[in-house]
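Working notes, beginning with the structure itself.
These numbers come from the heavy atoms of this one structure, side chains and all, not from hydrogens, waters or symmetry mates. Per chain, numbering begins at 1; letters A, B, ... match sequence-line order.
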Number of protein chains: 2
Amino acid sequence: MSLAEADLQQGYSIKETAERTGMSEDTIRYYEKIGLLPRAKRKGNSHRIYSDSDLNRMLLVTCLKKTGMSLDDMRPYLDLSLDADLSQYPELHVMILNHRQKIIEQIASLQQIVDFIDVKIEQGNLGPQTCELAGDRKQMPRGRKAKAKAKA
Amino acid sequence: MSLAEADLQQGYSIKETAERTGMSEDTIRYYEKIGLLPRAKRKGNSHRIYSDSDLNRMLLVTCLKKTGMSLDDMRPYLDLSLDADLSQYPELHVMILNHRQKIIEQIASLQQIVDFIDVKIEQGNLGPQTCELAGDRKQMPRGRKAKAKAKA
DNA sequence: CATTGACTTGGAGCCAGCTCCAAGTTATAT
DNA sequence: ATATAACTTGGAGCTGGCTCCAAGTCAATG
């Protein structure tokens, strides 16, 4: 009991963390499993216990997820958000600037959809012109053989 | 040959369509299979043939995809982009306004990420404050049992 | 001391969205 | 006639991102 008391209020249980972050417990464990989150500290030699900064990390994940970033892509951000001195890691700096640019483009895409909608709503219907996006098709397989045949 | 000549230049083959839209041929067939695109017209009783308006539809798909919309969610847009008279379908109208609103929110989220990045870049590192997003956690299972336990 | 409840792990299962493959058809070029 | 190329269909397989489950541990409580 004395130990238990000492441990008490030292951090958040996984359940509480799930409630506070809006993730499921399973998801939190899953993120740990795939190394998106660092292995959590344990209490009484098993139960995970989280600090406020852990929660912040998780909130950053949900935040980045909203922008459509893949779990893999967000790793550098998470590493960064701990304590890194950005100027120390020029590669990361570049990556982040690149991603910033992508997000700017995403915003532009979304804005075009909004415009598209507005036009449709005003017109009542739409002719052949749809949105002008689709400029940078960079699809193409991500696995194996790569069938790609870029023309230019 | 005469028939072939007549058919020639009447539209785009699937290959050309793939090149022009940036989708793979497989993806185009897949979209047809799941009914995201209407069954394509056929030439010589088999080969698909596409018109400019078909291509526009597809470009709209890639455009909507960029905004993170699921294939299912974009169906109403595609129907709409054909020729529908929007005022004829009040439900659709509402759906679209709702989606418009969501996109506006998405833009705001993305903008916050950009701000977050900018702050990080200026600071060189980040303290506990991450981004202020994560406000509307609306996760929770989409399938089966729904473990949810909303507290409030 | 048996039960309850919160937790643990490992692994199976599931959905979206493709991607790949095999077998078959038809058209043109040699 | 035959090889090549562009297509067809149906279905299997794969990745990402979870979600669910079974079996077990540990702590406090009746």
Side-chain angles (χ1 to χ4, degrees), chain A residues 1-8 11-19 21-37 39-50 61-62 64-66 68-75 139-149, chain B residues 1-8 11-19 21-37 39-50 61-62 64-66 68-75 139-149:
Chain A
M1 262 180 207
S2 45
L3 267 178
E5 256 164 18
D7 274 353
L8 222 54
Y12 309 106
S13 71
I14 195 169
K15 188 181 189 184
E16 226 185 322
T17 304
E19 275 160 8
T21 61
M23 296 177 182
S24 76
E25 302 178 28
D26 268 331
T27 299
I28 293 171
R29 289 193 204 96
Y30 171 70
Y31 286 172
E32 185 179 320
K33 185 147 65 182
I34 64 170
L36 189 65
L37 298 174
R39 176 170 168 86
K41 277 183 235 163
R42 309 306 171 110
K43 223 169 63 176
N45 236 6
S46 66
H47 295 190
R48 288 168 179 83
I49 182 163
Y50 296 97
V61 169
T62 66
L64 293 174
K65 252 185 33 172
K66 278 205 211 161
M69 192 182 297
S70 78
L71 299 184
D72 250 52
D73 286 354
M74 61 180 73
R75 286 173 201 273
Q139 300 277 97
M140 294 301 108
R142 4 175 247 269
R144 307 151 178 282
K145 287 184 176 174
K147 233 180 202 170
K149 293 180 190 177
Chain B
M1 262 183 206
S2 45
L3 266 178
E5 257 164 18
D7 273 352
L8 224 53
Y12 310 105
S13 71
I14 194 168
K15 187 182 191 183
E16 226 186 322
T17 304
E19 275 160 8
T21 61
M23 295 177 182
S24 75
E25 301 178 28
D26 268 331
T27 300
I28 293 171
R29 289 192 204 97
Y30 171 69
Y31 286 172
E32 185 179 320
K33 185 148 65 181
I34 64 170
L36 188 66
L37 298 174
R39 177 170 168 86
K41 275 182 235 162
R42 310 306 172 111
K43 224 170 61 178
N45 235 5
S46 65
H47 295 191
R48 289 168 179 82
I49 182 163
Y50 297 97
V61 169
T62 66
L64 292 174
K65 252 185 33 171
K66 279 204 211 163
M69 192 182 296
S70 78
L71 300 183
D72 250 53
D73 287 353
M74 60 180 72
R75 285 173 201 274
Q139 300 276 98
M140 294 301 108
R142 5 174 247 270
R144 306 152 181 280
K145 286 185 177 175
K147 234 181 199 171
K149 294 179 190 175

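- Residue contacts for B:Leu71: at a heavy-atom cut-off of 4.0 Å it reaches the sugar-phosphate backbone alone, with no base atom in range.
- For the pair B:Tyr30 OH and D:dG13 P, the interatomic distance rounds to 17 Å; values are reported in whole Å.
- Taking every heavy atom of both residues into account, B:Leu71 and B:Leu36 meet most closely at O-CD1, 3.3 Å.
- Between A:Lys41 atom NZ and C:dC7 atom C1' there is a gap of 19 Å when expressed in whole angstrom units.
- If you measure from atom CE of A:Met23 to atom P of D:dT19, you get 11 Å, rounded to the nearest angstrom.
- We find that NZ of B:Lys65 is positioned 15 Å from P of C:dA16, with the value rounded to whole Å.
- As rounded to whole Å, 19 Å separates atom P of D:dA5 from atom CD of B:Glu16.
- We find that CD1 of A:Ile28 is positioned 15 Å from C1' of D:dG17, with the value rounded to whole Å.
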Working for side-chain contact (heavy atoms from CB on, under 4.5 Å), residues A:Ile14 and A:Arg29
CA-CA 9 Å; A:Ile14 195 169; A:Arg29 289 193 204 96; 3.7 Å; yes
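- The side chain of A:Ser13 contributes an N or O atom lying less than 4.0 Å from OP1 or OP2 of C:dC7.
- In this structure, B:Tyr31 reaches the C:dC18 phosphate: one of its side-chain N or O atoms is under 4.0 Å from OP1 or OP2.
- For C:dG17, neither phosphate oxygen OP1 nor OP2 lies less than 4.0 angstrom from any side-chain nitrogen or oxygen of B:Thr27.
- Proximity of A:Ser24 to the phosphate of D:dC18: no side-chain N or O atom is located under 4.0 Å from OP1 or OP2.
- Residues passing the salt bridge (charged side-chain N to carboxylate O under 4.0 Å, His left out) test with B:Arg48 are B:Glu32, sequence neighbours excluded.
- Side-chain nitrogen and oxygen atoms of A:Lys15 include none within less than 4.0 Å of the OP1 or OP2 phosphate oxygen of C:dT8.
- Checked by atom type and distance alone, the side chain of B:Arg75 pairs as donor or acceptor with a backbone atom of B:Gly35 at under 3.5 Å.
- Checking the phosphate oxygens (OP1, OP2) of D:dT25, no side-chain nitrogen or oxygen of A:Lys43 falls inside 4.0 Å.
- Rounded to an integer number of Å, the gap from CD1 of B:Ile34 to P of C:dC15 is 15 Å.
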Distances for protein N or O near nucleotides 8-10 of chain D N or O, under 3.5 Å:
from: D:dT8; atom 1: OP1; to: B:Arg48; atom 2: N; distance (Å): 2.6
from: D:dT8; atom 1: OP1; to: B:Arg48; atom 2: NH1; distance (Å): 2.9
from: D:dT8; atom 1: OP2; to: B:Arg29; atom 2: NE; distance (Å): 3.0
from: D:dT8; atom 1: OP2; to: B:Arg29; atom 2: NH2; distance (Å): 3.1
from: D:dT8; atom 1: OP2; to: B:Arg48; atom 2: NH1; distance (Å): 3.3
from: D:dT8; atom 1: O5'; to: B:Arg48; atom 2: NH1; distance (Å): 3.2
from: D:dT9; atom 1: OP1; to: B:Arg42; atom 2: NH1; distance (Å): 3.1
from: D:dT9; atom 1: OP2; to: B:Arg48; atom 2: NH1; distance (Å): 2.8
from: D:dT9; atom 1: OP2; to: B:Arg48; atom 2: NH2; distance (Å): 2.4

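- Rounding to the nearest 0.5 Å places OG1 of A:Thr62 at 5.5 Å from CE of A:Met23.
- Interatomic distance, B:Tyr31 OH to B:Thr21 OG1, rounded to the nearest 0.5 Å: 9.5 Å.
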